Trainee: 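Shown below is the structure under consideration.
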Amino acid sequence: MFIIQTILYTGIVIYAPALALNQVTGFHLWGAVVATGVVCTFYCTLGGLKAVVWTDVFQVGIMVAGFSSVIIRAVVVQGGIEPILNDSYYGDRLNFWDFNPSPLQRHSFWTIIIGGTFTWTGIYGVNQSQVQRYIACKSRFHAKMSLYVNLVGLWAILSCAVLSGLAMYSVYKDCDPWTAKFVSAPDQLMPYLALDILRDYPGLPGLFVACAYSGTLSTVSSSINALAAVTVEDLVKPYFKSLSETKLSWISKGTSFLYGAVCIGMAGLASLMGGLLQAALSIFGMIGGPLLGLFSLGIFFPFVNSLGALVGLLVGFTISLWVGIGAQLYPPLPISSLPKYLSVEGCNFTTIDSNWTLTTALPSVTETILEAQVGERPELADNWYSLSYLYFSTIGTIITIIIGIIASLLSGGLKQNINRDFLLTCQDFDYLKVLLPSSWGKYKEKEKVEGLNWKIRDSDPYPDKGTDNPAFNHMELYSTEHNEKANGINP
């Protein structure tokens with residue numbers, strides 16, 4: 001299920017910046033898709049997780065720089081940040097306090113808080129693309145600190161995205177480029193804005209395209225690496241135990257290449273999904289929700305057995321898939337999606353710049369079916385299928401947990417022997433202590449006691465284990481000669 005989820009999501013991620021490059025440069029859309037996938041597959045196949053992590057570090061800087069260039073220029077063009085906020089407020093684009101409890105409303109305070117919590121917990125809690133990063137840290141302390149640093153970075157990126165969107169509305173409040181057919185898809189609006197306001201500054205439109213590509217390469221490389229890791233560890237190793245590490249390494253590289261090609265193919269499906277952000281979150285909800293429920297059963301309920309977990313997972317996935325596909329076939333009516341007013345009163349259709357690259361619009365599945373089935377909506381279309389896409393994860397998680405518990409109790413789950421070491425304990429809730437400077441000394445002292453702090457590492461260059469991560473190994477940080485000596489091999 002994780003493999004299916006990641007391939008679908010990665011297809012969307014590859015397709016999104018190809019739209020941006022197509023809009024800004026006129027580069028062929030599918031040529032951009034293939035180029036993106038090939039580049040990412042190449043360095044991920046050769047470099048593994050280390051290449052993924054270090055390229056991510058560089059790419060996040062490019063992302064912030066690209067966003068900043070658009071935001072700063074938009075503020076200058078509009079005469080300050082205040083006009084942008086005023087335009088957004090009076091245009092009904094700042095709507096923080098919509099407490100409508102209806103689960104059918106696409107966006108409200110509750111759908112974002114409740115549905116968003118389940119969706120992001122699934123992404124950060126049980127997704128291999130994220131978990132592999134925690135496991136690569138030498139201790140739980142370092143893994144937790146990396147998450148807090150990630151939180152700050154996530155706030156920065158999301159804030160930049162929101163400010164860019166508000167700036168875009170302020171600039172185009174009287175002439176929406178999508179409604180006016182200046183662009184072929186809503187996902188091309190941001191590249192259109194970047195080229196519009198930065199065209200007199202050579203290099204800055206390209207910086208924005210690099211920003212979009214940085215986000216894509218970062219995500220795709222993590223996904224391909226995670227897919228290869230899951231395939232080798234869960235589908236190859238258990239059944240081919242005689243394979244050497246060298247052969248497993250080559251298998252891992254081969255699967256990385258294969259998954260890269262498959263994800264490029266999935267980009268074709270992404271072109272039919274309408275809004276790409278909603279499509280991505282819907283996929284995480286439909287598949288990530290049941291997976292979160294499965295892991296929750298293992299963490300919180302000691303009496304749940306494998307049969308109950310499997311039944312719960314399948315039922316949760318079926319229900320999530322049902323509502324998700326139904327929502328694609330029968331899109332919610334305006335009363336649920338609450339579309340905002342888009343004006344073209346200020347457009348001058350006689351002076352469209354010939355430098356714009358106007359592409360052929362690709363009809364989405366939802367648009368095509370909606371046109372064909374106007375007035376033919378089943379009863380479920382206006383209630384069950386109109387459920388907010390942010391609740392897909394919530395539904396999948398809750399149903400998986402409930403069905404898993406019931407099936408386990410009926411199949412004798414209370415009679416099984418449990419190893420309590422694998423259950424949640426009070427020690428797992430000490431994460432808040434990491435935030436307190438007074439507790440940092442405690443963690444440093446713990447590392448000293450176990451002989452793995454940085455000072456001891458300097459005196460003993462070949463420590464094999466982390467503080468509480470027995471799989472952590474420093475040896476790859478050193479030269480090949482040292483690696484061979486550390487493994488008992490004399491060069």
Side-chain angles (χ1 to χ4, degrees), residues 6 9-10 12-21 24 32 35-37 39-74 116 119-120 123-125 127-138 142-168 187 190-191 193-194 198 203-227 229 260 263 276-277 280-281 284 434 477:
T6 306
Y9 171 67
T10 307
I12 294 175
V13 174
I14 291 176
Y15 179 72
L19 273 178
L21 189 66
V24 174
T36 304
V39 169
C40 202
T41 302
F42 174 74
Y43 78 76
C44 187
T45 299
L46 294 182
L49 183 59
K50 183 183 286 189
V52 171
V53 172
W54 281 108
T55 50
D56 284 359
V57 173
F58 174 74
Q59 287 157 358
V60 72
I62 299 295
M63 291 169 65
V64 173
F67 271 128
S68 300
S69 64
V70 172
I71 294 170
I72 293 171
R73 180 57 185 162
T119 301
W120 284 97
I123 294 173
Y124 274 87
N127 190 293
Q128 171 67 19
S129 300
Q130 291 290 337
V131 173
Q132 66 185 7
R133 299 167 185 265
Y134 315 150
I135 298 174
C137 296
K138 81 169 188 175
H142 286 87
K144 291 173 183 177
M145 289 305 298
S146 71
L147 268 174
Y148 290 121
V149 172
N150 174 273
L151 180 63
V152 175
L154 186 63
W155 282 343
I157 294 296
L158 291 181
S159 298
C160 287
V162 169
L163 286 173
S164 297
L166 296 180
M168 180 164 55
D187 297 289
M190 193 64 194
L193 171 68
L198 297 174
L204 289 186
L207 177 63
F208 174 77
V209 175
C211 166
Y213 265 92
S214 292
T216 288
L217 294 174
S218 171
T219 302
V220 174
S221 60
S222 298
S223 298
I224 292 176
N225 188 269
L227 287 168
C263 291
L276 298 183
L277 179 60
L281 292 177
F284 273 121
V434 178
L477 303 179

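None of the values given here were measured: they were computed from a predicted structure.
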Trainee: For Y9, check ring-ring contact (aromatic ring centres under 6.0 Å, His included) against everything at least two apart and list the hits.
Mentor: F284
Trainee: For residues A226 and S129, report the shortest heavy-atom separation together with the two atoms involved.
Mentor: CB-OG, 3.5 Å
Trainee: Give me the atom names and distance for the closest heavy-atom approach of S222 to Q132.
Mentor: O-NE2, 3.5 Å
Trainee: Provide the closest heavy-atom pair for M168 versus M190 in the form atom of the first, atom of the second, distance.
Mentor: SD-N, 3.9 Å
Trainee: Quick check on side chain to side chain contact (heavy atoms under 4.5 Å, CB included): which of V70, V64, I71 does S68 satisfy it with?
Mentor: V64
Trainee: If I take atom CG from residue L154 and atom CG from residue L147, how far apart are they, to the nearest 0.5 angstrom?
Mentor: 11.0 Å
Trainee: Minimum heavy-atom separation for I123 to N127, with atom names?
Mentor: O-CB, 3.0 Å
Trainee: So do the side chains of Q130 and R133 get within less than 4.5 Å of each other, counting heavy atoms only?
Mentor: yes
Trainee: With rounding to the nearest 0.5 Å, note down the distance linking CG in L163 to CD1 in I72.
Mentor: 11.0 Å
Trainee: Which value, rounded to the nearest 0.5 Å, describes the distance between S223 atom OG and Q128 atom CD?
Mentor: 10.5 Å
Trainee: Mind listing the closest non-hydrogen atom pair of L227 and C263 along with its distance?
Mentor: CD1-SG, 4.4 Å
Trainee: To the nearest 0.5 Å, how far apart are OG in S69 and CG in L204?
Mentor: 5.5 Å
Trainee: With sequence neighbours left out, what residues match R73 under salt bridge (charged side-chain N to carboxylate O under 4.0 Å, His left out)?
Mentor: none
Trainee: Using the test side-chain hydrogen bond (donor to acceptor under 3.5 Å, both in side chains), find all partners of T119 that sit at least two apart in sequence or belong to another chain.
Mentor: none
Trainee: Would you give the length of the straight line joining atom OG1 of T6 to atom CD1 of I224, rounded to the nearest 0.5 angstrom?
Mentor: 11.0 Å
Trainee: Any idea which heavy atoms bring Y134 and Y124 closest together, and the distance?
Mentor: OH-O, 2.7 Å
